[in-house]
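Below you'll find the structure, written out as structure tokens, and then a few comments.
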Amino acid sequence: MCSFFVYIIEREEKVNKTKLEFIIINIKKILNDNINKIIIVLLLLLISLGLSFIVYVQKSNKKVSYNNSISLQNNKSDASNSSLNNDINSEIYVDLKGEVKHPGVYKVKSADRVTNVIKSAGGFKKHADQKSVNLSQKLNDQQVIIVNKISLNSDIPNSSNDVSTANSKKVNLNTSDNKKLQELDSVGEKKADKIIDYRNQHNGFKSIDELKQISGFGDKTFEKLKDYLEV
């Protein structure tokens, strides 16, 4: 009886083994018959995955680059606005002299003009020559502003008319604006700017000889201009 069961079991194992071998043989046959197609499908799948990954990376990089660009532009804009506000709100000191009601040193905003500091000084005096200053001129730190007095030519004798006319043609290095300075021979816009810069940096000209301290105004040029200059 026992040997019968052993026989049945061995036979069942042989049958199962035969079936397994048959299945394996069929799979190998299918693989061998379709190996090229399988390889092509796998390659196409790998290529598709690779392309998808590349597209994803490029989109991610573009998004990061765009965000960085926007952030950089915003930072530049904020820095520019901050710098502009600081320049406008910074305080400077100017020295106002001459025919104003309260001459002296005034603390003003860097964005102010000559007209602002004259208003702070109470305005012009009665005989102030308002044409001697450029009211729209921007102010600079340590700038000297001199308001001249109107000359009363009617009180000057006729014998001195020629002298008065000659003096009226002179250009004041301390009060003339850029346009007035350009009336001098050989003085263009750039040289006029140099004169104004020197005047602002040195609290005005003490004498006309200081003109020779400015680049572009040598001895020959000074000799040609000195008869038309005053301080």
Taking S132 for the side chain and N148 for the main chain, is one N or O donor matched with an acceptor at less than 3.5 Å?
-> yes
N134 to S136 - nearest heavy-atom pair and separation = OD1-OG, 2.9 Å
L96 and H102: side chain to side chain contact (heavy atoms under 4.5 Å, CB included), yes or no, with the steps?
-> CA-CA 9 Å; L96 181 60; H102 303 289; over 6 Å; no
Mark yes or no for whether E210, through its side chain, and K206, through its backbone, hold a donor-acceptor pair below 3.5 Å.
-> yes
Under 3.5 Å side-chain donor-acceptor pair for S110 and S90 = yes
With hydrophobic residues grouped by side-chain heavy-atom distances under 4.5 Å, do I27 and L42 end up in a single group?
-> yes
Distance in Å, I208 CD1 paired with N174 CG, rounded so as to fall on 0.5 Å steps = 11.5 Å
Do V231 and V147 belong together in a cluster built from hydrophobic side chains that touch within less than 4.5 Å?
-> no
Backbone N/O of L44 and side chain of S48: donor-acceptor pair under 3.5 Å | no
V108 and V133: same hydrophobic cluster, using ILVMFWY side-chain contacts below 4.5 Å?
-> yes
About how many Å separate NZ of K180 and NZ of K131, when rounded to the nearest 0.5 Å?
-> 11.0 Å
Hey, quick one: are L135 and Y106 part of the same hydrophobic cluster, counting side-chain heavy atoms closer than 4.5 Å, chains of contacts allowed?
-> yes
I145/D95 under side chain to side chain contact (heavy atoms under 4.5 Å, CB included): CA gap, chis, key distance, verdict = CA-CA 6 Å; I145 304 167; D95 188 3; over 6 Å; no
Can a salt bridge be assigned to the pair K191 and D193 using a cut-off of 4.0 Å between side-chain N and carboxylate O?
-> no
Any chance you could measure I40, atom CD1, to N34, atom CG, to the nearest 0.5 Å?
-> 11.0 Å
Got Q142 and N203 here, is their nearest side-chain heavy-atom distance under 4.5 Å?
-> yes
Flag the pair Q137 / I196 as yes when at least one side-chain heavy-atom distance between them is below 4.5 Å, and no otherwise.
-> yes
Exam field: side chain D129 to backbone K149, donor-acceptor pair closer than 3.5 Å = no
Under 3.5 Å, side-chain donor or acceptor atoms of residues 212-226 against the rest of the protein: list the pairs with distances, not counting sequence neighbours.
{"from": "E223", "atom 1": "OE1", "to": "K226", "atom 2": "NZ", "distance (Å)": "3.0"}
{"from": "K224", "atom 1": "NZ", "to": "S186", "atom 2": "OG", "distance (Å)": "3.1"}

Shared hydrophobic cluster for I146 and L139 (ILVMFWY, side-chain gaps under 4.5 Å) = no
d(K170 NZ, D227 CG) to nearest 0.5 Å is 7.0 Å
Should F205 and I195 count as side-chain neighbours, where that means a heavy-atom distance under 4.5 Å?
-> yes
Within-4.5 Å side-chain heavy-atom neighbours: L229 and L173 | yes
Take atom NZ of K97 as the centre, draw a 6.0 Å sphere, and report whether it contains more than 12 heavy atoms from other residues, nucleotides or ligands.
-> no
Would you kindly say whether D197 and Q201 are connected by a side-chain donor-acceptor distance under 3.5 Å?
-> no
So, does N178 use its side chain to make a donor-acceptor pair with the main chain of A192 at under 3.5 Å?
-> no
Heavy atoms only: give me the nearest K125-K101 pair and the separation to one decimal.
-> CG-N, 4.0 Å
Quick one: does R199's side chain have a donor or acceptor within less than 3.5 Å of a partner on V144's backbone?
-> no
Got a second to check how far K109's NZ is from E91's CD, nearest 0.5 Å?
-> 4.5 Å
Mind checking whether L181 and V171 have side chains closer than 4.5 Å, heavy atoms only?
-> yes
Any donor-acceptor pair under 3.5 Å from N140 side chain to Q143 backbone = no
Distance, nearest 0.5 Å, that separates CD of E230 from OG of S176 = 7.5 Å
